[in-house]
Amino acid sequence: MDELFEHSSIKRAYFTLALPVVLSMAVTLIYNMVDTFFVAKTGNPNLVAGVSQGAPVFTLMIALGDIFGLGGSSVISRLFGERRDKLARFVSGYCFYAPIICGIIVTAIMVAFQTPILHLLGASPATWKYAREYYLVIAWGAVFVIFGLSPTNILRTEGLAVQSMIASMVGTGINIVLNPIFIFTCGLGAAGSALATVTSTVIGDILMIYYLKSKSKKLTTSIHETKISWKLQFEIYAIGIPASVTNIMATFAVALTNRYLIVYGADSVAAMGIAMKASMIINMIMIGFAFGAQPLIGYVYGAKDEERFNKVVKFDIRVVASLAFILTIILFIFAPHIIRIFMNDPKIVKEGALMLRWLSASTTLAGTILVFTTMFQSMGKATPAFWLSFCRQGLIFGVVISISAKLFGYTGIVAAQAVSDCLTFILALIFFYFYRPHFK
């Protein structure tokens with residue numbers, strides 16, 4: 001582990017840690033494409049819209065899991081860099097059990113308040129049945145979804161990125177197989193899509209627990225090694241909550257977009273749901289590289305290696321921004337063809353292509369914002385990490401979409417994310433100027 005983090009070339013260390021995450025994200029991307037494909041193949045725009053309206057709940061659970069996964073891995077990476085391995089072990093134990101408790105609480109809240117939450121998500125009379133079916137299955141699987149994000153991230157702090165990837169890929173592969181079986185063969189529709197997700201998540205979780213127990217030398221699953229100081233708990237939440245805000249705000253952005261679009265009909269909501277899934281081609285790759293590099297950035301920052309730190313961050317930006325730019329061009333050219341794969345309705349293809357082009361227009365900037373955000377998380381700088389996460393698809397996005405919808409109507413709604421990315425990029429540069437690391 002120390003050899004990889006301290007002495008390997010930047011390029012080798014970066015790709016050794018990041019590529020397994022990217023591959024895992026690629027398989028998750030394939031799942032999202034396949035899931036959308038099978039849901040769309042029902043030929044029911046209300047069902048597609050209902051699943052799109054229920055999907056933010058799943059994103060919210062991932063966000064909650066990120067509190068422990070990303071917050072814990074940030075603290076553990078820095079502790080490993082400082083050679084405080086025993087303390088890092090206890091942090092890993094805490095982050096193993098805390099998300100289980102969180103998941104139980106989330107299930108209770110979601111089941112008890114399902115009606116107001118579904119209204120908040122924008123479910124209409126036409127889509128209510130399908131949104132509720134998807135919602136309830138995901139709600140009962142909250143423990144497994146939230147828990148899984150912790151070992152996925154923590155395994156990488158010890159250089160076990162391949163094992164984390166295998167567990168994620170196996171779970172996702174099973175999800176792909178189960179989707180058509182549950183949706184069509186079993187006739188479960190929207191609930192079938194959610195059930196496939198929960199079932200495969202359980203299997204992925206079991207695999208990650210196995211790797212933690214059999215491959216890890218510095219991490220733990222023991223309930224007796226979970227007691228950590230209030231200071232360390234604060235550090236986990238101070239970084240984990242801003243990190244999770246990225247997904248929480250993504251949930252907010254999807255729900256808000258759906259609420260603005262529903263006045264144009266279920267077809268528009270369905271088209272946006274497909275376009276958002278397609279735009280994940282870029283987003284997943286950017287996330288894979290940015291989060292894959294996070295343990296390396298945290299380790300070298302903890303070790304106070306200024307030269308190596310600066311080289312890693314610069315290399316990270318070059319990789320993420322270059323790939324995002326190339327993929328943006330590809331999506332611009334093939335947007336109608338990509339939408340048509342999922343649904344061959346002329347209206348949805350036309351709307352979806354426009355939406356996909358707007359969603360992908362600013363992804364090079366979004367990728368750079370993501371690198372800055374993960375860098376701040378790795379350094380333990382909670383304030384800039386929080387505001388970048390909160391603004392891009394939250395505060396700035398909310399203000400932009402409300403103004404642009406009034407001024408430009410439909411076009412203003414679909415262009416809102418691109419405008420928000422431009423403004424957030426400026427904010428990221430300001431934060432970098434004021435919060436850049438000082439090692440002396």
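Because the structure is a prediction, the values reported are computed rather than measured.
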Participant: Specify the closest pair of heavy atoms between Met272 and Val414, including all atoms of both residues, with the distance to one decimal.
Facilitator: CE-CG1, 4.0 Å
Participant: Determine whether a donor-acceptor pair (N or O, by modelled atom type, separation under 3.5 Å) exists between the side chain of Ser77 and the backbone of Tyr299.
Facilitator: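 Checked: no pair found.
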Participant: Compare every heavy atom of Leu356 with every heavy atom of Leu331, then report the nearest pair and how far apart it is.
Facilitator: CD1-CD1, 4.2 Å
Participant: Among Asp205, Asn179, Asn175, whose side-chain hydrogen bond (donor to acceptor under 3.5 Å, both in side chains) with Ser200 holds?
Facilitator: Asn175
Participant: Determine the interplanar angle of the Tyr94 and Tyr237 rings, folded into 0 to 90°, and report it as parallel if under 30°, tilted if 30 to 60°, perpendicular if over 60°.
Facilitator: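 Perpendicular: the ring planes of Tyr94 and Tyr237 meet at over 60°.
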Participant: Crowded around His224 NE2? As in, over 12 foreign heavy atoms under 6.0 Å?
Facilitator: no
Participant: Can you tell me how far the CG atom of Leu354 sits from the OG1 atom of Thr411, to the nearest 0.5 Å?
Facilitator: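 Interatomic distance, Leu354 CG to Thr411 OG1, rounded to 0.5 Å: 6.5 Å.
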Participant: Using 30° and 60° as the class limits, which term best fits the ring planes of Trp387 and Phe390: parallel, tilted or perpendicular?
Facilitator: perpendicular
Participant: Are Arg357 and Pro336 close enough that some pair of their side-chain heavy atoms sits under 4.5 Å apart?
Facilitator: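 Answer yes - side chains close enough.
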Participant: Counting only heavy atoms not in Phe96, do more than 12 fall under 6.0 Å of its CZ?
Facilitator: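 Enclosed.
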Participant: Might you point out which heavy atoms bring Ala139 and Met110 nearest each other, and give the distance in Å?
Facilitator: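 Between these two residues, the closest heavy atoms are CB-CE, 3.6 Å.
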Participant: From Thr364 OG1 over to Ile369 CD1, what is the distance, rounded to the nearest 0.5 angstrom?
Facilitator: 10.5 Å
Participant: Taking all heavy atoms of Ile183 and all of Ser193, pick out the closest pair and write down the distance.
Facilitator: CG1-N, 3.7 Å
Participant: Could you tell me if Gln294 and Thr374 have a donor-acceptor pair between their side chains, going purely by distance under 3.5 Å?
Facilitator: no
Participant: So does Glu225 pair up with Arg89, basic N to acidic O under 4.0 Å?
Facilitator: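 Looking at Glu225 and Arg89, the cut-off is met.
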Participant: Would you check, one step at a time, whether the test side chain to side chain contact (heavy atoms under 4.5 Å, CB included) holds for Thr383 with Phe376?
Facilitator: CA-CA 9 Å; Thr383 300; Phe376 290 132; over 6 Å; no
Participant: Indicate yes or no for a side-chain donor-acceptor contact from Ser402 to the backbone of Val399 under 3.5 Å, with no hydrogens or angles considered.
Facilitator: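 Answer holds: yes.
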Participant: Does the ring of Phe80 carry Arg84 above it, NZ/CZ under 6.0 angstrom from centre and within 45° of its axis?
Facilitator: no
Participant: Rounded to the nearest 0.5 Å, what's the gap from OG1 on Thr373 to CZ on Arg392? Could you check?
Facilitator: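 Going from the OG1 atom of Thr373 to the CZ atom of Arg392 covers 9.0 Å.
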Participant: Given side chains that start at C-beta, do those of Phe68 and Ile154 come closer than 4.5 Å, heavy atoms only?
Facilitator: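 SC-SC contact between Phe68 and Ile154 ruled out.
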Participant: Does any part of the side chain of Leu232, heavy atoms only, come nearer than 4.5 Å to the side chain of Val91, both counted from C-beta?
Facilitator: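 Result yes, sub-4.5 Å side-chain heavy-atom pair found.
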Participant: Do Tyr435 and Phe372 have their ring centres less than 6.0 Å from each other?
Facilitator: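 No - the distance between ring centres of Tyr435 and Phe372 does not fall below the 6.0 Å cut-off.
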Participant: Indicate whether the side chain of Ser73 and that of Asn153 have a donor and an acceptor atom separated by less than 3.5 Å.
Facilitator: no
Participant: What pair of heavy atoms forms the shortest contact from Thr226 to Ser222, and how long is it?
Facilitator: CG2-O, 3.5 Å
Participant: Is atom CZ of Phe332 surrounded by more than 12 heavy atoms (other residues, nucleotides or ligands) closer than 6.0 Å?
Facilitator: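 Enclosed.
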Participant: Is the Phe309 ring parallel, tilted or perpendicular to the Tyr301 ring (thresholds 30°, 60°)?
Facilitator: tilted
Participant: Within the structure provided, determine whether Thr16 and Ser8 are in side-chain contact (heavy-atom separation under 4.5 Å).
Facilitator: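 Not in contact.
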Participant: Would Ile297 and Asp316 count as a side chain to side chain contact (heavy atoms under 4.5 Å, CB included) here? Give the steps.
Facilitator: CA-CA 10 Å; Ile297 295 172; Asp316 196 12; 4.0 Å; yes
Participant: Working note: Glu158 + Leu155, criterion side chain to side chain contact (heavy atoms under 4.5 Å, CB included); need CA distance, chi angles, decisive distance, verdict.
Facilitator: CA-CA 6 Å; Glu158 200 177 344; Leu155 277 167; over 6 Å; no
Participant: How long is the span from the CZ atom in Phe289 to the CE atom in Met284, to the nearest 0.5 Å?
Facilitator: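 One finds 14.5 Å between CZ of Phe289 and CE of Met284.
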Participant: Do Leu370 and Ile287 have side-chain heavy atoms sitting under 4.5 Å apart?
Facilitator: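 Sidechains of Ile287 and Leu370: in contact.
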Participant: If you look at every heavy atom in Ala271 and Glu351, which pair is closest and at what distance?
Facilitator: CB-CB, 3.9 Å
Participant: With a 4.5 Å cut-off on side-chain heavy atoms, are Phe425 and Thr368 touching?
Facilitator: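 With C-beta onward as the side chain, the pair touches.
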Participant: Check the pair Val111, Trp140 against side chain to side chain contact (heavy atoms under 4.5 Å, CB included), reporting the backbone distance first and the verdict last.
Facilitator: CA-CA 8 Å; Val111 172; Trp140 285 108; 3.8 Å; yes
Participant: Taking the side chain as everything from C-beta on, heavy atoms only, tell me whether Val319 gets closer than 4.5 Å to Tyr14.
Facilitator: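 Counting from C-beta outward, Val319 and Tyr14 do come under 4.5 Å.
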Participant: With heavy-atom distances below 4.5 Å as the criterion, would you say the side chains of Met286 and Leu323 are in contact?
Facilitator: no
Participant: I'd like to know if the side chain of Ser279 reaches the main chain of Met276, judged simply by a donor and an acceptor atom lying under 3.5 Å from each other, with no hydrogens or angles considered.
Facilitator: yes
Participant: Can Thr328 and Thr363 be counted as having a side-chain donor-acceptor contact under 3.5 angstrom?
Facilitator: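 Short answer, yes.
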Participant: Between CG of Leu136 and OG1 of Thr107, what distance do you get to the nearest 0.5 Å?
Facilitator: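 The distance works out to 11.0 Å.
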Participant: Return the CG to OG distance between Leu79 and Ser74, rounded to the nearest 0.5 Å.
Facilitator: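 Here the rounded value is 9.5 Å.
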